[in-house]
Number of protein chains: 2
Amino acid sequence: MVRWQPGARERLQAAALERFAAEGFDGTTVAEIAATAGLTERTFFRHFADKREVLFAGQDEFERLFVAGIEDADGTDPIAVVAAALEGATGFFPEDRRAWSRARQEVIDADPGLQERELLKLSKLAGAMTDALRRRGIDPTPAALAAESGVAVFRVGFATWIAEGEERPLPVILRAVLGELRSLLA
Amino acid sequence: MVRWQPGARERLQAAALERFAAEGFDGTTVAEIAATAGLTERTFFRHFADKREVLFAGQDEFERLFVAGIEDADGTDPIAVVAAALEGATGFFPEDRRAWSRARQEVIDADPGLQERELLKLSKLAGAMTDALRRRGIDPTPAALAAESGVAVFRVGFATWIAEGEERPLPVILRAVLGELRSLLA
DNA sequence: ACTACTGATGACAGCGACTGACATCGCGGC
DNA sequence: GCCGCGATGTCAGTCGCTGTCATCAGTAGT
């Protein structure tokens with residue numbers, strides 16, 4: 001007889017996404033999520049810093065992929081390095097997570113508080129990329145601009161990938177968006 | 001005998017910035033802010049949607065300036081239009097608000113929750129700029145990229161303007177940053 | 001002058017997010 | 001077989017935030 005079932009964290013995440021999709025973020029209490037997962041509210045807050053964070057766990061892993069992509073890239077042109085990192089990070093979003101990503105994004109797009117959290121995560125990502133670029137000897141301002149541009153390209157590309165009817169894989173889309181940005185500022 | 005002193009909103013904003021700077025955002029309760037301003041907690045929430053918003057009132061005006069700058073600009077090149085809007089919006093930050101802006105930014109930089117709110121405001125700004133560009137007949141993706149780039153330039157430029165030792169006025173800095181972005185992607 | 005109405009505020013009760021402190025108990029190590 | 005660890009439960013409490021109703025100076029209409 002086990003005292004508690006394993007996978008509490010994953011159960012909480014699944015329960016949260018399900019409830020948020022059905023009742024909305026504000027219409028769901030943490031106690032409800034916990035009960036759905038067979039746990040208590042207090043345990044929820046032991047796994048996630050706050051109610052929003054349950055939708056953003058794993059984001060650190062994503063950030064590490066980006067930074068690793070920058071560190072492993074060749075050359076010294078900031079934009080080229082960022083482009084390489086974009087390629088590497090797409091591994092985080094395989095084709096079979098497209099539907100799940102869409103469902104999650106719909107929940108986020110429906111709540112300003114969740115949008116704030118997403119923006120903070122992306123901002124931290126840009127900061128981590130900036131640091132990684134500077135470690136390669138790139139000057140502060142170009143590093144920040146390249147990182148911000150990279151994140152902007154990722155955002156636009158990701159939204160496109162999620163969109164209804166879109167069938168191109170994420171890496172292809174990202175290359176196209178980066179090309180558009182380049183020609184825009186040429 | 002007046003029933004209540006005028007300027008409640010401004011008193012609350014001043015009290016909030018003062019307390020946040022002294023005790024930190026988390027270390028300050030809304031009731032304390034209200035008491036400092038000679039009001040009650042309930043009245044605070046009649047003036048501001050939430051505790052964070054007291055630092056971001058006036059942001060709508062800022063957004064309108066940007067959009068107006070886009071609408072009044074000449075030409076069809078997205079980046080040129082955005083550059084013109086950047087010029088116009090600097091009127092929101094005259095030289096004598098530099099010290100105040102720095103104090104406010106220090107408070108924001110010290111709290112993740114406030115950073116989230118700032119990012120949401122900037123994101124909304126980018127969205128409004130995108131819409132304004134599209135109304136000028138610019139295609140969606142170039143419009144979004146130009147708007148995001150414009151906001152990125154503003155962020156980097158504003159941070160520079162605020163920085164210790166910096167003396168150039170904001171418009172000059174913004175032109176320089178935009179030039180850097182251009183040469184970066186050339 | 002009397003009355004009705006408005007508009008900013010106060011008072012109060014209540015919900016939900018989040019936290020700290022302490023108890024519980026299966027499991028693995030010794 | 002005992003002991004400590006670690007994930008969980010329980011409970012009380014703070015604070016952000018909201019709905020509701022009362023208050024009362026000033027204003028407009030009669």
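Note on naming: letters A, B, ... go to the chains in the order of the sequence lines (proteins, then strands), and numbering restarts at 1 for each one. Any value given below was found using the heavy atoms of this structure, including those in side chains, with hydrogens, waters and symmetry copies removed.
- Here B/Thr29 does not reach the OP1 or OP2 of D/dC15: none of its side-chain N or O atoms lies under 4.0 Å away.
- Residue A/Val172 is found outside any hydrophobic cluster, as its side-chain heavy atoms come under 4.5 Å of no other Ile, Leu, Val, Met, Phe, Trp or Tyr.
- The side chain of B/Thr40 places no N or O atom within less than 4.0 Å of a non-bridging phosphate oxygen (OP1 or OP2) of C/dT9.
- Because its NZ or CZ atom is not both nearer than 6.0 Å to the ring centre of B/Phe25 and within 45° of the ring axis, B/Arg19 does not count as a cation-pi partner of that residue.
- Contact annotation: A/Thr43 reaches the phosphate of D/dG9 (side-chain N/O to OP1 or OP2, under 4.0 Å).
- Side-chain N/O atoms of B/Arg52 and base N/O atoms of D/dG16 include no donor-acceptor pair closer than 3.5 Å.
- The separation between B/Trp4 atom CH2 and C/dG10 atom C1' is 13 Å, rounded to whole Å.
- Nucleic acid contact for B/Ala8: sugar-phosphate only, since backbone atoms but no base atoms lie under 4.0 Å from a heavy atom of the residue.
- Judged by atom type and distance alone, A/Arg3 does not reach the base of D/dG6 through any side-chain donor-acceptor pair under 3.5 Å.
- Sorted by first and then second residue, the pairs that involve residues 68-81 of chain B and meet side chain to side chain donor-acceptor pair (under 3.5 Å), not counting sequence neighbours, are B/Glu71-B/Arg135.
- Rounded to a whole Å, the CG atom of A/Asp26 is 10 Å from the P atom of D/dT18.
- One can place CG of B/Leu12 at 14 Å from P of C/dA8, the figure rounded to the nearest angstrom.
- Summarising the geometry, the separation between CZ on A/Phe45 and P on C/dA21 is reported as 18 Å, rounded to the nearest angstrom.
- Axis angle between the ends of the helix from C/dA1-D/dT30 to C/dC30-D/dG1, five pairs each and rounded to 10 degrees, works out to 10°.
- Whole-Å rounding puts the B/His47 NE2 to C/dG10 P distance at 9 Å.
- What separates CD of B/Glu41 from P of D/dC15 is a distance of 10 Å, to the nearest Å.
- Counting distance only, with no hydrogens placed and no angle test, the side-chain atoms of B/Arg46 and the base atoms of C/dG7 include no donor-acceptor pair under 3.5 Å.
- Cation-pi geometry between A/Arg104 and A/Phe56 is satisfied (NZ or CZ under 6.0 Å from the ring centre, within 45° of the ring normal).
- In this structure, B/Lys51 places its NZ atom 9 Å from P of D/dC15, rounding to the nearest Å.
- Side-chain proximity of A/Asp50 to D/dT18, C/dC18, D/dG9: nearest is C/dC18.
- Under the 6.0 Å cut-off for aromatic ring centres, A/Phe62 and A/Phe93 qualify, their centroids lying closer than that.
- Taking atom CZ on A/Arg42 and atom C1' on C/dT24, their separation rounds to 15 Å, with Å as the unit.
- With hydrogens and angles ignored, the 3.5 Å screen pairs no side-chain donor or acceptor of B/Lys124 with any backbone N or O of B/Leu119.
- Between A/Glu95 and A/Arg98 there is a salt bridge, since a side-chain N of the basic residue sits under 4.0 Å from a carboxylate O of the acidic one.
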